[in-house]
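Whatever order the structure lists ligands and atoms in, that order sets their numbers, starting from 1. Everything numeric here is computed off the predicted structure, so don't read it as measured data. Only this structure's heavy atoms are used, side chains among them; waters, hydrogens and symmetry mates stay out.
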Amino acid sequence: MSYDPSNIFAKILRSEIPAHKVYEDEVALVMMDIFPQSRGHVLVIPKAASRNLLDADPAALLAVLPLVQKIAKAVKQTTGADGIRLAQFNEAPAGQTVFHLHFHIIPVYEGVEVGGHGGPKADDAELAALAKSIAATL
Ligand code: AMP
């Protein structure tokens, strides 16, 4: 299947719809997941267009991984999480719902079960505050 530029993350990358942005550079945009699986769930979205890992340019993957690490460390430090889960889904049967490559950074808290994929929408004020705190940690 080919890349469809009308997907929601492409619209966010073009600033056509709003997002709780944490960070942005020429390689990627980082934002809060509005249906978080835990407090502080962040998405790293490479700007290079691909549906997912399978059709991505290896150079784009190489460019984004250091940022994934940097954001994971900042999310852990900011939220006080005990661990970080990194997730990335490829095609619908594997759980992918938005068809522009992205990496989930999901904080894990000792004794707290991580929510399911596609849970309830988080409070906007809380997401805005988290985005600001993570950005300040970077
Ligand atoms: P995936 O299932 O891996 O494609 O993940 C897509 C993720 O994007 C899910 O975790 C959704 O909660 C999240 N999501 C969907 N729409 C938005 C949006 N407008 N802003 C932020 N996160 C979103």
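- Although no hydrogens or angles enter the test, the distance criterion places a donor-acceptor pair under 3.5 Å between the side chain of Arg39 and the main chain of Thr79.
- A donor-acceptor pair under 3.5 Å is formed between the side chain of Ser38 and the backbone N or O of Pro107.
- The nearest heavy-atom contact from the protein to atom 22 (N) of ligand 1 is Ile34 N, 3.4 Å.
- Using a distance-only test at 3.5 Å, with no hydrogens or angles considered, no donor-acceptor pair links the side chain of Asp33 to the main chain of His41.
- Side-chain atoms of Lys47 never come within 3.5 Å of backbone atoms of Glu24 as a donor-acceptor pair (strictly under, hydrogens ignored).
- Between Ala19 and ligand 1 there is no heavy-atom distance shorter than 4.0 Å.
- Distances below 4.0 Å separate heavy atoms of Ile8 from the following atoms of ligand 1: 19 (N).
- When atom types are taken as modelled, the side chain of Glu91 and the backbone of Leu54 share no donor-acceptor pair closer than 3.5 angstrom.
- Per-residue contacts place Gln96 under 4.0 angstrom from the following atoms of ligand 1 (heavy atoms of the residue considered): 2 (O), 4 (O).
- Every atom of ligand 1 with a heavy atom of Asp33 under 4.0 Å away is listed here by number and element: 7 (C), 8 (O), 9 (C), 10 (O), 11 (C), 12 (O), 13 (C), 22 (N).
- Criterion: ILVMFWY side-chain heavy atoms under 4.5 Å apart, direct or through other members. Under it, Tyr109 and Ile106 are not part of a common hydrophobic cluster.
- Proximity to Leu43 (heavy-atom distance under 4.0 Å) selects the following atoms of ligand 1: 8 (O), 22 (N).
- At a 4.0 Å cut-off, not a single heavy atom of His20 sits close enough to ligand 1 to count as contact.
- For atom 1 (P) of ligand 1, the nearest protein heavy atom (residue, atom name, distance) is His102 NE2, 3.1 Å.
- Close to ligand 1: Phe9, with a non-hydrogen atom less than 4.0 angstrom away.
- Interface atoms of ligand 1 facing Met32, defined by a heavy-atom separation under 4.0 Å, are 21 (C).
- Using modelled atom types, one side-chain atom of His102 and one backbone atom of His100 make a donor-acceptor pair closer than 3.5 Å.
- The residue among Asn7, Thr97, Ile45 with a heavy atom at the shortest distance from atom 4 (O) of ligand 1 is Thr97.
- At least one side-chain heavy atom of Leu86 sits under 4.5 Å from a side-chain heavy atom of Phe103.
- Protein heavy atom closest to atom 2 (O) of ligand 1, with residue, atom name and distance, is His117 NE2, 2.5 Å.
- In terms of hydrophobic clustering, with Ile, Leu, Val, Met, Phe, Trp and Tyr side chains grouped at heavy-atom distances under 4.5 Å, Met31 and Ile84 are assigned to different clusters.
- If you number the atoms of ligand 1 from 1 as listed, the ones under 4.0 Å from a heavy atom of Val98 come out as 4 (O), 6 (C).
- Under a 4.0 Å criterion applied to the non-hydrogen atoms of Met31, ligand 1 contributes the atoms 20 (N), 21 (C), 22 (N).
- Neither the backbone nor the side chain of Gln88 comes within 4.0 Å of ligand 1, counting heavy atoms alone.
- The ring of Phe35 has its center no closer than 6.0 angstrom to the ring center of His117.
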